[in-house]
Amino acid sequence: MSEYDYRAIEQKWQRFWSENKTFKTEIDKSKPKFYSLDMFPYPSGAGLHVGHPLGYIASDIVSRYKRLKGFNVLHPMGFDSFGLPAEQYAIQTGQHPAETTTQNIARYIEQLNNLGFSFDWDREVRTSDPSYYKWTQWIFLQLFNSWYNQDTGKAESIENLKTEFSLRGNTQLNAAQDEDTPHVTADAWARLSEKEQHDLLLKYRLTFLSEAVVNWCPQLGTVLANDEVKDGVSERGGYPVERKLMKQWMMRITAYADRLLQGLDTIDWPEPVKEMQRNWIGKSIGAVLHFPLKGHPEKNVTVFTTRIDTIFGASFVVLAPEHEFVTEITTAEQLAEVQAYVAWAKNRSERDRMTDVKSVTGVFTGAYAVNPISGDKVPVWIADYVLAGYGTGAVMAVPGHDTRDYAFAKKFNLPILEVVAGGDVSKEAFAGKEGKIINSGFLNGMDVKDAILAGIARAEELGVGKARINYRMRDAVFGRQRYWGEPVPVYYKDGIAELLDDSELPLVLPDVDAYLPTETGEPPLGRAQDWKYRGEFEYELSTMPGWAGSSWYWYRYMDAQNDQAFASKEAIDYWQAVDLYIGGSEHATGHLLYSRFWNKFLFDLGLVNQDEPFKKLVNQGMIQGRSNFVYRVKNSNQFVSFGLKENYDVTPLHVDVNIVENDVLDLERFKAWRSDFADAEFILEDGKYHVGVEVEKMSKSKHNVVNPDVLVEEYGADTLRMYEMFLGPLEQFKPWNTNGMDGVYKFLRRFWKLFYDEQGNWAVTADQPTSAELKALHKTIKKIEEDVERLSFGTSVSQFMICVNELTALKTKKRAILEPLTVVLAPYAPHIAEELWSRLGHAETITYATFPTWQEEFLTESTFDYPISVNGKVRSKKTFDLKATKEEVEKAVLASEQVQKLLEGKPVKKVIVVPGKIVNVVI
RNA sequence: GCGGAUGUGGCGAAAUUGGUAGACGCACUAGACUUAGGAUCUAGCGCUGCGAGGCAUGGGGGUUCGAGUCCCUCCAUCCGCACCA
């Protein structure tokens, strides 16, 4: 067999790798470790399209390269197999989500294996497998049994907190807790009933039950976390989302807000992702201020502000419509109007609010408050531009220096005061922070920055406010009223949420007769028969959200079979953190933030040894569809080629990209594609039908989905792997275009031919290589090494092509060149490399061969042509000895007759020599 | 509105610290060969000009002997956040 028969080769080696467990990984302390992780996929029914494997190919190249470099590489794959689509499908078909999920996973594994990935399948995880979610539930228990101590800056056992309460109560405590936590002395704590003690502890636990305004999606029948809502609709399905007050399981991620923010500075992640997380956390430094209410001596409106320097310009106060004071302080005259407004604001959906941010609405309560610093009497208004969920749900309005307050004051004719010089408040708000404070008593003449500090100091001195750091991030809703997720391991005894014991895990998802809510509106788990704790108590009926199982899975890969712990200490100590994590940027504020949160929590408990789980993150760009169009002449069965369509009245139609090549339509296949096209007629250009092109999302309805299996069949996995890398930078979004795969395929065939003579006989010799051959080889080794280290895979493919072109021209058949080159190629095109490696006589797989080392001596030549430029313009060339020093080159240039002629006797200012590049004479 | 990224031939793209812009591939053109193939090989291929040359990295300006790369400014496209006080 002397032809490059990729089908036979790829089949042979995929079977070999699988049968011999070539990629099985064990802890090996004699080698440095490398943990290379892909974001594990959700196994959807549609299977993989050509865009999905992009990141996997990149991480596989790195993994194979690192193995060749002597690293012990952990490169696993698994499935994020709980989730809504399987459940929606189950609702439609009645088929158990576990069944469809298993089928989909089987298909995914087959497709992945077709591409020759070096995964250790013995470490595969599935989040929906009870042996896996046992540990997801276990981590839930640990979170429930922990609270966050702000003084020590870490999570601690809830037992410490009980001790603290019985000794000192909670008045001295500096903990992450609910806003409405009451003060309790040690005595009072002792007098609380068991239920009351539980309720108080819930206000500290890191998973807790809480009455909160949540995102409720009626169509999906569940609540959603903030990151699962985009533009007021659900991320999955695009259904409208409402605000609703519900008792819910929550995760106290806000406890970690500051550490999540600080940690970003220590990790090698793309700046956009870090920035998105920073915005999501939304730290702002300011102050809270209490405004006493006229006529309510016991009440203060508390506002949060970052601009206390403008306090003298605060001419009114605005409450959110949901603010607790609204009903109490509204005067009789204003009552009707206020009630109408509150009702109207409540019924507006999230969507309405977001699309309608510009209109200014609000209403006066009739109440007045006192500016605690200036002493001015200011009216209290209600408006929905103030958000109940941020800060204190109330603001001091400074219309002169805030655009929203300005618009509001203009509309309702409220006073606008100028307290920072530099703008023109008769025209617009001046929100800038450069300028001197004016009209502000003791703050006059200060810079904004100084005035903020002085303002806070005065407020604290007067006891009317204090410095406060505020975060935009909210605690995450953790319960989902759905079936296909991890059951929350909780039961209710006398109204108290009790946890299952470690030994009772996993709490296995019960079977139900339908995947819909019960008649009484309970989640689907309410349908389970006899599903009671010890036959007595009701279980919690909500399940965990999709992100629960994915927030710790990289630890499970370290020790996937362990049934004593989520991973052994030995495995965690050895593998530590993920060295390279590749995945899409769509997880920036979801998975990647929750994972960091759980990791930090596990770190606090001493269960893991890394504060940050993913040292380096790379976002692979999504591959978009490249749709093709044909143009049908109206009311006919004639199709006109792209360039001529302007001459006709046409309707564009999506055409299957698989019957188009190089943007030319295959007419016969087109006729066969759909029966109504069987007798189609064509108006051609140069005898060809050119199709139109547009970039869109890859989807079935647009007929632009390219299936990797088809390309593997047609070109082979090695070609597809290299072509996906060749397509452009990994991080970049780009449309898929099958044109050009030929180029890579040709390269692999030419590579193969290097090992054979023209008659097709094995022709590798033991001859000594020439310096030209060595140069071609070492240049390539060097380039590939650099490229893999900086994840620039596209240019590697180019370099391989250059190398093969050079070796073909040199007619190289020498083992000393071809053997190391095969090893260098192996990470990119593992099948052909294995085959040639074995034909070269190696009994062992190439996987653990040694990556060759490049040597400088083969790369240099003794002489080099320098272009000589005068004032930056190239005038001549001269050959220099490369080993010459800069000074020697300078002298030689000045002495050169040619250069003297060019200079025409003008004096030389300086000579610039850039070794290997250029000599420039400046006159 | 705020934040981030990107902009180079017909197309995908290279250019790692400022040093001969367009490597490599696709498409295209011409030629060779032939068991006529979706094969292989050779040459050409930014624009302009017969030519030496001139002009070219979204537009304009600047720093420099020298700028795709650094600075200022404007434009376009994409992404994220969005009444966050």
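Any value given below was found using the heavy atoms of this structure, including those in side chains, with hydrogens, waters and symmetry copies removed. To find a chain, count down the sequence lines: A is the first, B the second, and so on, and within it residues start at 1.
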Value in whole Å for how far the [atom2] atom of [N] lies from [atom1] of [X]:
{"X": "A:K734", "N": "B:A14", "atom1": "NZ", "atom2": "P", "answer": "9 Å"}
{"X": "A:E271", "N": "B:C79", "atom1": "CD", "atom2": "C1'", "answer": "15 Å"}
{"X": "A:Y828", "N": "B:C24", "atom1": "OH", "atom2": "P", "answer": "18 Å"}
{"X": "A:R750", "N": "B:C24", "atom1": "CZ", "atom2": "P", "answer": "12 Å"}
{"X": "A:I784", "N": "B:C24", "atom1": "CD1", "atom2": "C1'", "answer": "12 Å"}
{"X": "A:I281", "N": "B:C84", "atom1": "CD1", "atom2": "P", "answer": "19 Å"}
{"X": "A:M622", "N": "B:G80", "atom1": "CE", "atom2": "C1'", "answer": "13 Å"}
{"X": "A:R307", "N": "B:C84", "atom1": "CZ", "atom2": "P", "answer": "14 Å"}

Closest nucleotide among [options] to the [X] side chain:
{"X": "A:T306", "options": "B:A85, B:G4, B:A15", "result": "B:A85"}
{"X": "A:R472", "options": "B:U16, B:C84, B:A15", "result": "B:C84"}
{"X": "A:K746", "options": "B:U40, B:G38, B:A85", "result": "B:U40"}
{"X": "A:P729", "options": "B:A14, B:A23, B:G4", "result": "B:A14"}
{"X": "A:R749", "options": "B:C83, B:C26, B:A39", "result": "B:A39"}
{"X": "A:V386", "options": "B:C84, B:C24, B:A85", "result": "B:A85"}
{"X": "A:R404", "options": "B:C83, B:G38, B:C81", "result": "B:C83"}
{"X": "A:F304", "options": "B:A85, B:G38, B:C24", "result": "B:A85"}
{"X": "A:I802", "options": "B:A23, B:C83, B:G4", "result": "B:A23"}
{"X": "A:N739", "options": "B:C24, B:A15, B:C26", "result": "B:C26"}

key: Note: A:E271-A:R278 ion pair, threshold 4.0 Å (strictly below)   =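 Salt bridge: yes.
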
key: Salt-bridge criterion met for A:E786 and A:K783 (N-O under 4.0 Å)   =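 Between A:K783 and A:E786 there is no salt bridge, as every charged N stays at least 4.0 Å from the carboxylate O atoms.
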
request  = Find which nucleotide of RNA chain B each of A:Q799 and A:T392 is nearest to by heavy atoms, and output the residue with the more 5' nucleotide.
outcome  =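 Nearest nucleotide further toward 5': that of A:Q799.
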
5′-ward residue of the pair A:D402/A:M276 relative to RNA chain B =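 The 5'-side residue here is A:M276.
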
Any side-chain donor paired with an acceptor under 3.5 Å for [X] and [Y]?
{"X": "A:Q799", "Y": "A:T780", "value": "yes"}
{"X": "A:Y341", "Y": "A:T361", "value": "yes"}
{"X": "A:S284", "Y": "A:N470", "value": "no"}
{"X": "A:Y715", "Y": "A:T738", "value": "no"}

Taking [M] as the reference, what is the distance to [N] when you measure between their [atom1] atoms (whole Å, please)?
{"N": "B:G19", "M": "B:G53", "atom1": "C1'", "result": "23 Å"}
{"N": "B:A21", "M": "B:A15", "atom1": "C1'", "result": "7 Å"}
{"N": "B:A56", "M": "B:U48", "atom1": "C1'", "result": "10 Å"}
{"N": "B:C72", "M": "B:A85", "atom1": "C1'", "result": "34 Å"}
{"N": "B:G9", "M": "B:C83", "atom1": "P", "result": "39 Å"}
{"N": "B:G25", "M": "B:A43", "atom1": "P", "result": "12 Å"}
{"N": "B:U69", "M": "B:G80", "atom1": "P", "result": "29 Å"}
{"N": "B:U8", "M": "B:A23", "atom1": "P", "result": "16 Å"}

inquiry  = Using a 3.5 Å limit for the pairing distances, which stems of at least 3 consecutive Watson-Crick or G-U wobble pairs does RNA chain B take part in?
reply    =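 Runs of three or more consecutive pairs: B:1-7 with B:75-81, B:10-12 with B:24-26, B:28-32 with B:40-44, B:46-48 with B:53-55, B:58-62 with B:70-74.
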
Should [X] be listed as having a side-chain N or O under 4.0 Å from OP1 or OP2 of [N]?
{"X": "A:Q732", "N": "B:G12", "value": "no"}
{"X": "A:K783", "N": "B:U16", "value": "no"}
{"X": "A:R278", "N": "B:G80", "value": "no"}
{"X": "A:N805", "N": "B:G25", "value": "yes"}
{"X": "A:Y390", "N": "B:A85", "value": "yes"}

query = At what distance, to the nearest 0.5 angstrom, does CD1 of A:I308 lie from CD1 of A:I373?
reply =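 Going from the CD1 atom of A:I308 to the CD1 atom of A:I373 covers 4.5 Å.
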
message = I need the A:Y385 OH to A:D405 CG distance, nearest 0.5 Å.
response =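 Reported to 0.5 Å precision, the distance equals 3.5 Å.
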
ask   = Where does B:G9 land, syn or anti, once you apply the within-90°-of-0 test for syn?
value =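 Nucleotide B:G9 adopts syn.
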
query = Less than 3.5 Å between a donor and an acceptor, one on the side chain of A:Y715 and one on the base of B:G38, is that the case here?
reply =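 For A:Y715, whose side chain was compared with the base of B:G38, there is a donor-acceptor pair (under 3.5 Å).
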
Please output the side-chain donor-acceptor pairs of residues 740-747 of chain A that fall under 3.5 Å, not counting sequence neighbours, one pair per line with the distance.
none

key: Other residues, nucleotides, ligands: >12 heavy atoms within 6.0 Å of A:E758 CD   =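 No - once you tally the heavy atoms of other residues, nucleotides and ligands closer than 6.0 Å, there are 12 at most.
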
query = With a non-hydrogen cut-off below 4.0 angstrom, is A:E714 in contact with a base, only sugar-phosphate, or nothing?
reply =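 Counting heavy atoms under 4.0 Å across all strands, the contact made by A:E714 includes a base.
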
